[in-house]
Structures are given as structure tokens and as C-alpha cells.
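These numbers come from a predicted model, not from an experiment.
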Amino acid sequence: MFNLAKLADLARDHTAAGRKSLIKTLTDLFVSAGDDRDEQISLLFGDIVLKVLGQLEEETRIILSKRMCRERLLRMN
């Protein structure tokens, strides 16, 4: 279940592990919204990811990109 307090705590954690957890949690929320998400949610997700992306380790960026590609491919089929 989504926990706003946990998400806020993750946003305040600027460690590599904290950034990784933040992106994982946000991606989980974004993907789980499926067809229920609107354009505003997609834009907000994109803005947050772009701000945090440079703070992520390369391995985490690769995992995120592969996950988002899989999500897009699933939606296209």
C-alpha cells in the first residue's frame, strides 16, 4: 500500500541508497497506476525522475530504463 510519509522520507534521503529507493518506489507507483494515470501524473513522474537521474548509480539507471521499456512494450501489445 502507498505510504505518503515513507515517500516523503525517501525524498529527504540524498544517499545513493535513498535515491535508488525513491526511484524504485515512484516507479512502482507509476507502473501500478496503469491506465488510471493521467497526463499530469506522467509529467510529474518524468520531472521527478529527471531531477534524480543524475544522482543515481549507473546500474540503477540501467534497471530503471529497462523497466520503463518493458512497461511501454506491454502497453503497446
Problem set entry | Exercise: identify the closest heavy-atom pair between Leu56 and Arg61 | O-NH1, 2.5 Å
For this session: Could you tell me whether Asp28 and Lys24 have a side-chain N and a carboxylate O separated by less than 4.0 Å?
Result: yes
For this session: Find out whether Leu26 and Leu7 are in side-chain contact, i.e. whether some heavy atom of one side chain is under 4.5 Å from a heavy atom of the other.
Result: yes
For this session: Apply the test side-chain contact (heavy atoms from CB on, under 4.5 Å) to residues Thr27 and Leu64: give CA-CA distance (whole Å), side-chain angles for both, the deciding distance (0.1 Å), then the verdict.
Result: CA-CA 8 Å; Thr27 303; Leu64 175 64; 3.3 Å; yes
Exercise. If you group Ile, Leu, Val, Met, Phe, Trp and Tyr by side-chain heavy-atom gaps below 4.5 Å, do Phe45 and Leu53 land in one group?
Worked result: yes
Problem set entry | Lys/Arg N to Asp/Glu carboxylate O, Asp13 vs Lys20, below 4.0 Å | no
For this session: Applying side-chain contact (heavy atoms from CB on, under 4.5 Å), run through Val31 and Arg67 and close with a yes or a no.
Result: CA-CA 9 Å; Val31 169; Arg67 182 163 184 207; 4.0 Å; yes
For this session: Following the transitive rule for hydrophobic clusters with a side-chain heavy-atom cut-off under 4.5 Å over Ile, Leu, Val, Met, Phe, Trp and Tyr, establish whether Ile48 and Leu10 coincide in one cluster.
Result: yes
Problem set entry | NZ/NE/NH1/NH2 to OD/OE distance under 4.0 Å, Asp9 and Lys6 | no
Exercise. Counting heavy atoms not belonging to Glu57, are there more than 12 under 6.0 Å from its CD?
Worked result: no
Problem set entry | Note, Ile41 side chain near Leu44 side chain (heavy atom, < 4.5 Å) | no
Problem set entry | Heavy-atom donor-acceptor pair, Arg19 side chain to Ala11 backbone, under 3.5 Å | yes
Exercise. So how far is it from Leu22 CG to Thr60 OG1, rounded to the nearest 0.5 Å?
Worked result: 11.5 Å
